[in-house]
Amino acid sequence: MAELKEISSNKIFGGYQKVFSHQSKELSCSMNFAIFLPSDSADKKFPVLYYLSGLTCNELNMVQKSGFQQFAAKHNIIVVCPDTSPRNIENLDTSDFNYDFGYGAGFYVDSTVEKYKNFRMYSYISSELIEVVNNNFPTLVDKQSIFGHSMGGHGSLICALKNPGLYKSVSAFAPISNPVNCPWGNKNFTGYLGDNKDEWKAYDATELVGKYNGPPLEIFVDQGSEDQFLKENQLLPNNLIDAAKKAQVPIIYKLREGYDHSYFFIATFMGEHIEYHAKFLNN
Ligand SMILES: N[C@@H](CCC(=O)N[C@@H](CSC=O)C(=O)NCC(=O)O)C(=O)O
């Protein structure tokens with residue numbers, strides 16, 4: 001098991017907000033993740049909530065902007081915030097990289113394109129990181145859930161839909177709900193997966209929800225009505241809602257009047273999301 005290196009540790013709301021680095025096998029590079037531990041007690045175990053961030057983010061956006069720690073402390077939940085892509089890959093031509101492709105934009109897929117072979121964020125999140133966290137922290141191994149924002153909302157939805165039973169609950173802030181049909185998804189899926197659009201569907205929540213076959217799973221989506229990316233048709237929540245209804249997968253959709261795509265929106269509803277996950281994790 002790869003060694004963890006502690007980068008920082010700060011006491012907050014009676015718990016500890018820490019950042020660690022480790023050498024990832026999936027991504028073949030050093031990765032940072034942030035982890036909130038509700039207590040430093042050695043004899044208690046806690047459920048784990050994974051949070052996936054959006055384009056341009058690293059492990060710190062959620063930690064510094066959302067105010068999640070007070071709610072995680074209240075409900076005794078460990079929260080893990082990984083980085084959003086591999087970083088600093090040696091000899092990689094990054095001339096195509098932009099804010100919405102490449103570093104900070106792994107899109108939570110396993111690339112099938114040789115050039116981007118390090119970009120295996122799907123396997124990193126849904127397998128390797130869980131093992132690293134369970135092997136190093138006081139977790140209840142069968143009690144984990146996942147949520148995220150925008151690109152990370154897409155990531156959380158596909159991780160839950162592709163791994164029935166692995167997560168107890170899933171929620172998303174302004175997720176990219178149907179990447180196969182939006183500009184961000186087209187750009188990233190072409191880049192990481194190539195031109196065969198049939199292969200893209202394996203990473204699209206709207207496609208996957210119709211195929212979901214597992215323990216009952218409810219999807220909770222939060223969306224601001226003044227979100228610029230909603231207006232630019234990057235998010236397409238109605239496609240997910242329609243597909244979920246058709247597949248009889250329950251979906252809660254909350255359209256929040258006046259909110260945009262930013263962490264001001266996320267911070268406003270963070271308490272509601274953690275309380276939602278706590279219902280599933282603390283029973
Ligand atoms: N103008 C922004 C565009 C990128 C952006 O809005 N990123 C969002 C996620 S969008 C979808 O995944 C974000 O979370 N940004 C980080 C933040 O702290 O707000 C830009 O170029 O940064």
Side-chain angles (χ1 to χ4, degrees), residues 17 19 32-34 36 49-69 79-87 94 96-109 111 119 121-122 124-125 146-160 170-193 200 203-206 219-240 255-256 258-270 273-274:
Q17 180 63 64
V19 176
N32 285 2
F33 65 87
F36 173 76
L49 180 55
Y50 289 87
Y51 176 85
L52 307 185
S53 278
L55 296 168
T56 73
C57 295
N58 61 22
E59 71 282 1
L60 293 178
N61 296 65
M62 162 78 159
V63 165
Q64 294 172 340
K65 290 184 165 181
S66 76
F68 80 85
Q69 292 92 346
V79 178
V80 178
C81 309
D83 199 352
T84 54
S85 75
R87 302 274 179 181
T94 60
D96 286 344
F97 285 9
N98 207 323
Y99 88 92
D100 61 356
F101 181 71
Y103 293 149
F107 237 81
Y108 304 105
V109 300
S111 180
F119 285 70
M121 286 301 288
Y122 170 68
Y124 176 70
I125 297 296
I146 190 161
F147 70 150
H149 169 231
S150 196
M151 175 183 75
H154 141 75
S156 62
L157 292 170
I158 64 164
C159 284
V170 60
S171 76
F173 296 98
I176 301 171
S177 297
N178 189 192
V180 162
N181 287 317
C182 78
W184 275 337
N186 270 259
K187 178 173 181 172
N188 281 273
F189 285 3
T190 304
Y192 295 131
L193 303 173
W200 299 4
Y203 294 105
D204 183 301
T206 296
I219 295 171
F220 173 18
V221 171
D222 228 312
Q223 177 64 60
S225 70
E226 293 306 307
D227 183 325
Q228 72 177 97
F229 300 118
L230 178 68
K231 294 177 182 182
E232 290 171 11
N233 289 326
Q234 294 281 21
L235 308 177
L236 305 172
N238 290 327
N239 294 359
L240 176 65
L255 187 64
R256 312 290 194 169
Y259 289 89
D260 61 20
H261 197 71
S262 70
Y263 269 83
F264 294 111
F265 158 61
I266 296 171
T268 304
F269 300 106
M270 180 54 69
H273 279 248
I274 293 192

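Indexing begins at 1, ligand by ligand and atom by atom, following the structure's order. Source: prediction; values computed, not measured. Side-chain atoms are counted along with the backbone in the values below, which use heavy atoms only and exclude waters and symmetry mates.
For W184, no nitrogen or oxygen atom sits less than 3.5 Å from a nitrogen or oxygen atom of ligand 1, counting backbone and side chain alike. At least one N/O-N/O distance between S150 and ligand 1 falls below 3.5 Å. For ligand 1, the polar-atom distance check finds an N/O of M151 within less than 3.5 Å of one of the ligand's N/O atoms.
C57 SG, 3.3 Å is the protein heavy atom nearest to atom 14 (O) of ligand 1. The protein heavy atom nearest to atom 7 (N) of ligand 1 is L55 O, 3.0 Å. Here the heavy atom of the protein found nearest to atom 6 (O) of ligand 1 is F229 CE1, 3.7 Å. Scanning the protein for heavy atoms near atom 18 (O) of ligand 1, the closest one is K65 NZ, 2.7 Å.
The aromatic rings of Y99 and W184 sit perpendicular, their planes meeting at an angle over 60°, well past the 30° parallel limit. Between F220 and H273, the ring-plane angle classifies as parallel under the 30° and 60° cut-offs. The aromatic rings of H261 and F229 sit perpendicular to each other, their planes meeting at more than 60°, with 30° as the lower class boundary.
The cationic group of R256 does not satisfy the cation-pi geometry with F265, failing either the under 6.0 Å distance to the six-membered ring centre or the 45° limit from the ring axis.
Of the inter-residue distances, the one linking M62 atom CE with M270 atom CE reads 3.5 Å to the nearest 0.5 angstrom.
The distance between the ring centers of F101 and Y192 falls below 6.0 angstrom.
With contacts defined as side-chain heavy-atom distances shorter than 4.5 Å, the pair V63/V19 does not qualify. Side-chain contact between H154 and F107 is present, with heavy atoms from C-beta onward closer than 4.5 Å. Residues V109 and W200 are not in side-chain contact: their nearest non-hydrogen atoms beyond the backbone lie 4.5 Å or more apart.
Atoms of ligand 1 found under 4.0 Å from any heavy atom of H149 (numbered from 1 in listed order, with element): 9 (C), 14 (O). Applying the 4.0 Å criterion to heavy atoms of H261 picks out, from ligand 1, the atoms 10 (S), 11 (C). Atoms of ligand 1 found under 4.0 Å from any heavy atom of N61, numbered from 1 in the order shown, are 16 (C), 17 (C), 18 (O).
Comparing T56, D100, T84, L235 against atom 21 (O) of ligand 1, the shortest heavy-atom distance belongs to T56.
Atom 2 (C) of ligand 1 is never approached by the protein to below 4.0 angstrom, counting heavy atoms only.
Assignment of S262 to the shell around ligand 1 is not supported, since no heavy atom sits closer than 4.0 Å.
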